[in-house]
Amino acid sequence: MAEEILTIAGVVTGAAEEEQEYLLALCRAEQTALTRRLKEPLAEQDADAFVCAAAWLAAADYYSGKGAGGAVSWKAGEVSVQEQDAAAYRAAAESLRTAARQLAAPLVEDGGFAFWGVKG
């Protein structure tokens with residue numbers, strides 16, 4: 001399943017070949033995290049939703065790392081590189097996390113927090 005997650009995350013991110021091990025680690029981490037939150041064992045009909053959600057979360061992690069710093073653009077002789085700015089990476093990461101949470105919602109326990117019966 002990790003390879004399926006990696007394939008989808010790779011398509012979403014466009015990660016370079018030298019980043020595949022890093023992306024695979026993110027995919028495995030998200031697969032593990034989602035598996036721990038499953039309400040019940042994963043049913044076959046839910047596998048695609050699980051794989052997509054894990055891949056999107058891994059892609060969000062990848063974009064969060066990209067947006068954490070580094071040069072937006074640089075030039076070395078005739079070669080120039082232009083990357084998205086950190087805000088664009090953060091926005092992409094948040095969008096992917098939101099979509100993944102919606103997709104996985106029926107499968108996982110709600111990790112939300114709520115106050116019950118609190119008097120003011």
Side-chain angles (χ1 to χ4, degrees):
M1 187 176 284
E3 288 299 321
E4 291 176 278
I5 295 168
L6 175 63
T7 299
I8 293 169
V11 169
V12 171
T13 62
E17 185 66 33
E18 61 270 9
E19 297 176 305
Q20 292 301 303
E21 285 298 315
Y22 169 61
L23 188 58
L24 178 59
L26 295 174
C27 291
R28 287 180 177 154
E30 290 298 350
Q31 179 183 358
T32 299
L34 275 179
T35 299
R36 287 181 180 151
R37 294 183 51 214
L38 286 173
K39 292 178 184 177
E40 53 194 45
L42 188 63
E44 186 177 335
Q45 69 267 17
D46 297 326
D48 288 340
F50 180 89
V51 166
C52 287
W56 292 348
L57 289 168
D61 294 343
Y62 173 87
Y63 285 143
S64 292
K66 286 280 196 180
V72 174
S73 66
W74 53 272
K75 186 172 181 173
E78 296 289 318
V79 177
S80 64
V81 175
Q82 178 76 30
E83 293 188 16
Q84 292 183 342
D85 63 26
Y89 282 120
R90 285 191 300 270
E94 188 54 38
S95 178
L96 283 165
R97 281 192 185 97
T98 298
R101 287 181 190 127
Q102 290 172 346
L103 190 59
L107 308 175
V108 298
E109 296 288 337
D110 181 14
F113 178 81
F115 286 105
W116 292 89
V118 177
K119 295 181 181 181

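Leu34 pairs in a side-chain contact (heavy atoms from CB on, under 4.5 Å) with only one of the listed residues (Leu107, Val51, Val108), which is Val108.
Counting only heavy atoms from C-beta outward, the side chains of Met1 and Leu42 approach each other to under 4.5 Å.
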Side-chain polar contacts of residues 2-18 - donor-acceptor pairs under 3.5 angstrom, sequence neighbours left out - could you list them?
residue: Thr7; atom: OG1; partner: Glu3; partner atom: O; Å: 2.9
residue: Thr13; atom: OG1; partner: Ala9; partner atom: O; Å: 2.9
residue: Thr13; atom: OG1; partner: Ala15; partner atom: N; Å: 3.1

Which pairs would a plain distance check flag for residues 94-101, meaning a side-chain donor or acceptor within less than 3.5 Å of a matching protein atom at least two apart in sequence or in another chain?
residue: Arg97; atom: NH1; partner: Ser64; partner atom: OG; Å: 3.4
residue: Arg97; atom: NH2; partner: Asp61; partner atom: OD1; Å: 3.3
residue: Arg97; atom: NH2; partner: Ser64; partner atom: OG; Å: 2.9
residue: Thr98; atom: OG1; partner: Glu94; partner atom: O; Å: 3.0

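Residue-environment remark: CD (Gln45) exceeds the threshold of 12 foreign heavy atoms within 6.0 Å.
The structure places OH of Tyr62 at 9.5 Å from CG of Leu26, a figure rounded to the nearest 0.5 Å. The CG atom of Asp46 sits 8.0 Å away from the CD atom of Glu40 when rounded to the nearest 0.5 Å.
Nearest approach of Gly65 to Tyr22, heavy atoms of both residues: CA-OH, 4.3 Å. The shortest heavy-atom contact between Leu38 and Glu109 is O-CG, 4.4 Å. The two residues Phe50 and Gln31 make their nearest non-hydrogen contact at CZ-O, 3.7 Å.
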Take Gln20 and Leu24 through the test side-chain contact (heavy atoms from CB on, under 4.5 Å) and record every step on the way to the result. CA-CA 6 Å; Gln20 292 301 303; Leu24 178 59; over 6 Å; no

